[in-house]
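In what follows, a structure is listed as structure tokens, so that the remarks can point back to it.
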Amino acid sequence: MNRGLPTGRRKRRIALLPAMAVLAVSGVAWSAPAAWADTVDPTACSAPGPGGGTGTITGTAAYTLDGGTRTLSDALFTATDDNETAVLVKNAGTLRLRRPTVVTSGNTESADDSSFYGLNAAVRVTGAGSAIGVRGGSITTTGSGANALHADYDGSVTMSGGRIDVSGQFAHPVLVSHNGSAVLRNVDMVSTACHGSAVATDQGDGTIEVHGGRLLATGKYSTVLYATGTIKAYRVHGVARADNAVVMAGTTTTVLADHSDLTGAEEGVMGFAMGTSSNTLTIRGGSLTAQGGPVFDFSGGSTVIDVSDGARLRSATDELATVSGGGTVELDASHTQLNGTISGAALALSDGATWSSPTTSTLTSVTGLRIRGDQARGITSAHSITYDASLTANAYLDGKTYKLTGGGTLTPSS
């Protein structure tokens, strides 16, 4: 279940985003719920269950399309019972909703079953060939585990325009599982409770694309993007008021932030992996801001981070990347200026990319430097930067110490 971070991975709570009553995005002022200006109360968060789910969905649906095709305009769908879905599409049905109003208030009996199988979701599509297309309108849920949009078992959902609001714990504006897929265009999404990341994939993976729109998560353990599968965000403005901007928690996880502006009250992107996982993170233009820790914090697995097109990476603690738990991280930068300390990552600079380290940093390898005698160009620091001379990637450095712009040194680790 998408419940936040595993035990032991919560690290810092240095600063929270300042209270926001109105956000200005692309010149448009958008009033946020009054609760956003409140202090997040950690005691208000329920502990997640033991995990696993039942694998059997026993909920009901107020409206069901069982195969076939139908278009409905300006319709109102409501669900008030626990474990009740407002709109369900299955058995290769295709439903088109134009300007719908969907409202649910029931709670789930199992947060895991909600995340894994769509129990208590407001709008759920399940099964290969099943599809829901929403144009405009609104979806509002107040119950626990009440995901607004949920696609699973190869079902697909799209939404263009409109707004989603969820305020119950373990509820997400959009979540896919078991190879479900979702595409959202210019949809504003708000999550105001704990364990309620705005855009999330869960068990069995899945794929989500978000184009435009404003994503806001204000509860504890609620991120902008929570990926166990693939999430791609294009020109999205996202804020997590009490957690990291992004969490990557799968065995093969891909996240793309393309000219998006993402802010986390804690870290920028936290990744934790099991076994021999292989993960890819791409930050292309835009910005990624961490207000309480490093921009990148990864433990376990193998991760490649590609930063390009002048992406602005900011950390209130001046930490760019931290690697632990036996993990490996390769940070590739092009056409970008990096700043912040690095601990345990490999760094590759190309196409004019540079890196500035405000304090001592430790690299596994570093490539793309311009070597002139005893000078190494591409890094600015007044401190010592170390590298592992035994690695093949560092052979061109010949195990030597080099002077850096700023008065520091690039030195082989002892």
Side-chain angles (χ1 to χ4, degrees), residues 25-26 28-34 59-108 114 118-127 129-143 145-152 155-168 171-176 180-192 196 198-199 208-216 236-237:
V25 184
S26 300
V28 178
W30 183 35
S31 296
T60 59
Y63 173 84
T64 299
L65 180 64
D66 190 350
T69 300
R70 190 168 186 184
T71 299
L72 299 172
S73 298
D74 303 304
L76 170 64
F77 302 92
T78 62
T80 58
D81 291 342
D82 291 348
N83 305 317
E84 184 181 22
T85 287
V87 178
L88 172 64
V89 174
K90 60 182 182 179
N91 292 330
T94 298
L95 178 63
R96 302 181 184 92
L97 299 178
R98 303 294 182 258
R99 303 172 301 280
T101 299
V102 183
V103 181
T104 72
S105 57
N107 295 307
T108 184
S114 291
L119 181 66
N120 204 48
V123 177
R124 181 188 174 211
V125 57
T126 184
S130 298
I132 295 178
V134 182
R135 183 180 298 172
S138 65
I139 304 174
T140 304
T141 75
T142 57
N147 300 319
L149 296 174
H150 189 111
D152 55 66
S156 65
V157 61
T158 64
M159 184 169 180
S160 177
R163 175 159 170 156
I164 296 173
D165 291 89
V166 301
S167 57
H172 309 269
V174 57
L175 186 148
V176 303
S181 64
V183 178
L184 295 94
R185 298 181 184 277
N186 301 314
V187 178
D188 291 335
M189 292 176 261
V190 179
S191 169
T192 57
V199 173
I208 300 177
E209 288 188 11
V210 183
H211 300 258
R214 292 158 288 198
L215 280 54
L216 303 156
V236 167
H237 179 93

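Nothing fancy with the numbering, it's 1 onward along the sequence.
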| task | Taking the side chain as every heavy atom from C-beta outward, state whether Ile164 and Val187 have any pair of such atoms under 4.5 Å apart. | result | yes
| Knowing that exactly one of Val103, Val102, Ile139 qualifies, which makes a side-chain contact (heavy atoms from CB on, under 4.5 Å) with Phe77? | Val102
| task | Give the minimum heavy-atom separation between Ala148 and Thr141, together with the two atoms involved. | result | CA-CG2, 4.2 Å
| task | With the side chain counted from C-beta on, respond yes when Pro100 and Val134 share a heavy-atom pair under 4.5 Å apart, and no when they do not. | result | yes
| message | Can you give me the closest heavy-atom contact between Ser181 and Ala151, atom names plus distance? | response | O-CB, 3.5 Å
| message | With a 4.5 Å cut-off on side-chain heavy atoms, are His150 and Val176 touching? | response | no
| Nearest non-hydrogen partners of Gly212 and Asn186, listed with the distance | CA-OD1, 3.8 Å
| Gap between atom OG1 of Thr71 and atom CZ of Arg98 - 0.5 Å precision | 6.0 Å
| query | For Arg70, does the CZ atom have more than 12 heavy-atom neighbours from other residues, nucleotides or ligands under 6.0 Å away? | reply | no
| Taking the side chain from Asn147 and the backbone from Ala121, do they hold a donor-acceptor pair closer than 3.5 Å? | no
| Hey, does Thr108 have a side-chain heavy atom less than 4.5 Å from the side chain of Asn83? | yes
| Backbone of Glu84 reached by a side-chain donor or acceptor of Asn120 within 3.5 Å | yes
| task | For Thr85 and Ala61, indicate whether the former's side chain and the latter's backbone hold a donor-acceptor pair under 3.5 Å. | result | no
| query | Is any side-chain heavy atom of Arg163 less than 4.5 Å from a side-chain heavy atom of Asp165? | reply | yes
| If you measure from the Lys or Arg side-chain nitrogens to the Asp or Glu carboxylate oxygens, is any gap between Asp74 and Arg99 under 4.0 Å? | yes
| field | Identified side-chain contact (heavy atoms from CB on, under 4.5 Å) counterpart of Leu88 within the set Ile132, Leu65, Thr126, Val123 | value | Thr126
| When rounded to the nearest 0.5 angstrom, what is the spacing between CG in Leu175 and CG in Leu149? | 10.0 Å
| request: Quick one: closest heavy-atom pair of Ala146 and Gly106, and the distance? | output: CB-O, 4.5 Å
| said: Quick check: closest heavy atoms across Thr104 and Ala86, and the distance to 0.1 Å? | reply: CG2-CB, 3.8 Å
| task | For the residue pair Ser105 and Thr142, confirm or rule out a side-chain donor-acceptor distance under 3.5 Å. | result | no
| said: With side-chain contact (heavy atoms from CB on, under 4.5 Å) as the criterion, how do Met189 and Val166 come out once you've worked through the C-alpha distance, each side chain's angles and the decisive distance to 0.1 Å? | reply: CA-CA 8 Å; Met189 292 176 261; Val166 301; over 6 Å; no
| message | With heavy-atom distances below 4.5 Å as the criterion, would you say the side chains of Leu215 and Val199 are in contact? | response | yes
| remark: Correct closest heavy-atom pair for Gly133 and Thr158 would be CA-OG1, 3.4 Å
| field | Non-hydrogen side-chain atoms of His211 and Val183 separated by less than 4.5 Å | value | yes
| said: Given Arg124, which partner from the list Val89, Val87, Asp152 fulfils the side-chain contact (heavy atoms from CB on, under 4.5 Å) test? | reply: Asp152
| Under 3.5 Å, is there a donor-acceptor pair between the side chain of Ser114 and the main chain of Leu119? | yes
| query | Does the side-chain contact (heavy atoms from CB on, under 4.5 Å) test come out yes or no for Thr64 and Lys90, once each step is laid out? | reply | CA-CA 8 Å; Thr64 299; Lys90 60 182 182 179; 4.0 Å; yes
| field | Residue pair Val190 / Arg214, side-chain heavy-atom distance below 4.5 Å | value | no
| field | Backbone of Gly67 reached by a side-chain donor or acceptor of Asn91 within 3.5 Å | value | no
| query | Would you find more than 12 non-hydrogen atoms of other residues, nucleotides or ligands less than 6.0 Å from Arg135 atom CZ? | reply | no
